[in-house]
Amino acid sequence: MKPLKHPIFKHITRVVDRLGVEAYAVGGFVRDYYLHRPSSDIDVVVVGNGVAVAEELAKDLGVRVTIYRTYGTAMLHWNDVEVEFVGARRESYSPNSRNPQVEPGTLEDDQRRRDFTINAMAWSLNGKTFGELVDPFDGMYDLEDCIICTPCDPDITFSDDPLRMMRGIRFASQLGFELEDETFEAMKRNRERIKIVSQERINT
């Protein structure tokens with residue numbers, strides 16, 4: 001089955017067009033399609049209120065939605081997929097915490113805050129542009145070249161959230177990818193920052 005042929009997307013398109021907001025499938029579901037890896041977890045970014053979209057979709061589908069007010073996210077299960085909704089946002093960090101200050105943002109703001117270019121690609125879910133790939137940081141090129149690279153300055157990416165360094169190494173190992181040179185050097189420069197990550201997060 002092609003990635004956007006799953007029936008859930010038809011329902012999402014109907015809801016977001018009705019509400020007049022933009023929505024995009026983003027992250028691992030997009031990446032894994034191009035890697036020919038199965039995925040049943042779908043992340044949807046809404047340029048607007050992601051929780052409101054999830055609530056409206058849940059009504060249409062007749063399913064329950066779980067809302068995480070603290071994080072501004074909502075999740076629902078339908079048939080064989082799990083879909084998480086969040087509003088597009090930009091983030092800023094204090095030096096001693098990996099918990100960001102969050103404010104509404106554009107789709108590109110949301111893509112920029114992601115850990116690696118291969119996880120920042122998005123597909124439009126709106127009717128008029130359905131299925132169009134939005135890839136401002138050339139994640140497709142890195143995917144084809146089997147490269148792990150950050151969408152912006154890697155020192156900022158890893159200093160803001162040091163757990164991303166471990167994720168990068170895990171992705172490289174699992175996918176057989178190479179860490180881009182400057183990305184790897186930034187990991188070495190920011191290695192002491194891993195101390196602010198809780199042991200619980202490291203273990204998971």
With the threshold set at 4.0 Å, does a side-chain nitrogen-carboxylate oxygen contact exist between Arg114 and Asp110? yes
Side chain to side chain contact (heavy atoms under 4.5 Å, CB included) between Ile42 and His6: does it pass, once the steps are laid out? CA-CA 11 Å; Ile42 304 168; His6 194 288; 5.7 Å; no
Salt bridge flag under 4.0 Å for residues Glu55 and Lys59: no
Using atom types as modelled and distance alone, determine if a side-chain donor or acceptor of Thr150 lies under 3.5 Å from a backbone N or O of Asp153. no
Are the side chains of Val134 and Gln111 in contact, using a 4.5 Å heavy-atom criterion? yes
May I ask you to test the Val46-Phe85 pair for a side-chain heavy-atom distance under 4.5 Å? yes
Between Ile148 and Asp142, does a side chain to side chain contact (heavy atoms under 4.5 Å, CB included) hold up when you go through it step by step? CA-CA 7 Å; Ile148 301 293; Asp142 291 335; over 6 Å; no
Output, in order, the C-alpha distance, side-chain angles, deciding distance and verdict of side chain to side chain contact (heavy atoms under 4.5 Å, CB included) for Tyr141 and Ile147. CA-CA 8 Å; Tyr141 289 108; Ile147 295 294; over 6 Å; no
Min side-chain heavy-atom separation Val44-Val83 under 4.5 Å: yes
Output for pair (His77 NE2, Asp41 CG), nearest 0.5 Å, gives 8.5 Å
Among Asp160, Thr157, Asp155, exactly one meets side chain to side chain donor-acceptor pair (under 3.5 Å) together with Asn190. Which residue is that? Asp155
Can you tell me how far the CD atom of Glu192 sits from the OG atom of Ser159, to the nearest 0.5 Å? 12.5 Å
Straight-line distance of Asp115 CG to Phe171 CZ, nearest 0.5 Å: 5.5 Å
So Phe9 and Trp123, do their side chains get closer than 4.5 Å, heavy atoms only? no
Distance-only, no hydrogens or angles: does the Asp60 side chain make a donor-acceptor pair with backbone N or O of Leu57 under 3.5 Å? no
May I ask you to test the Cys146-Leu175 pair for a side-chain heavy-atom distance under 4.5 Å? no
If you round to the nearest 0.5 Å, how far is CZ of Arg89 from CZ of Arg113? 4.0 Å
Determine, for Arg14 against Glu56, whether the closest basic-nitrogen to carboxylate-oxygen distance falls under 4.0 angstrom. no
Atom CZ of Arg167 and atom CZ of Arg164: how far apart are they, to the nearest 0.5 Å? 8.5 Å
Using 30° and 60° as the class limits, which term best fits the ring planes of Phe116 and Phe158: parallel, tilted or perpendicular? tilted
Pair Tyr33-Met121, side chain to side chain contact (heavy atoms under 4.5 Å, CB included): steps then yes or no: CA-CA 11 Å; Tyr33 167 71; Met121 299 183 292; over 6 Å; no
Just wondering, do Phe137 and Cys149 contact through their side chains at under 4.5 Å, heavy atoms? no
Side-chain donor/acceptor of Asn49 to backbone N/O of Gly87, under 3.5 Å: no
Taking the side chain as every heavy atom from C-beta outward, state whether Phe177 and Ile118 have any pair of such atoms under 4.5 Å apart. yes
Just wondering, do Asp43 and Phe29 contact through their side chains at under 4.5 Å, heavy atoms? no
Nearest-0.5 Å distance that lies between atom CG in Leu76 and atom CD in Glu82: 9.0 Å
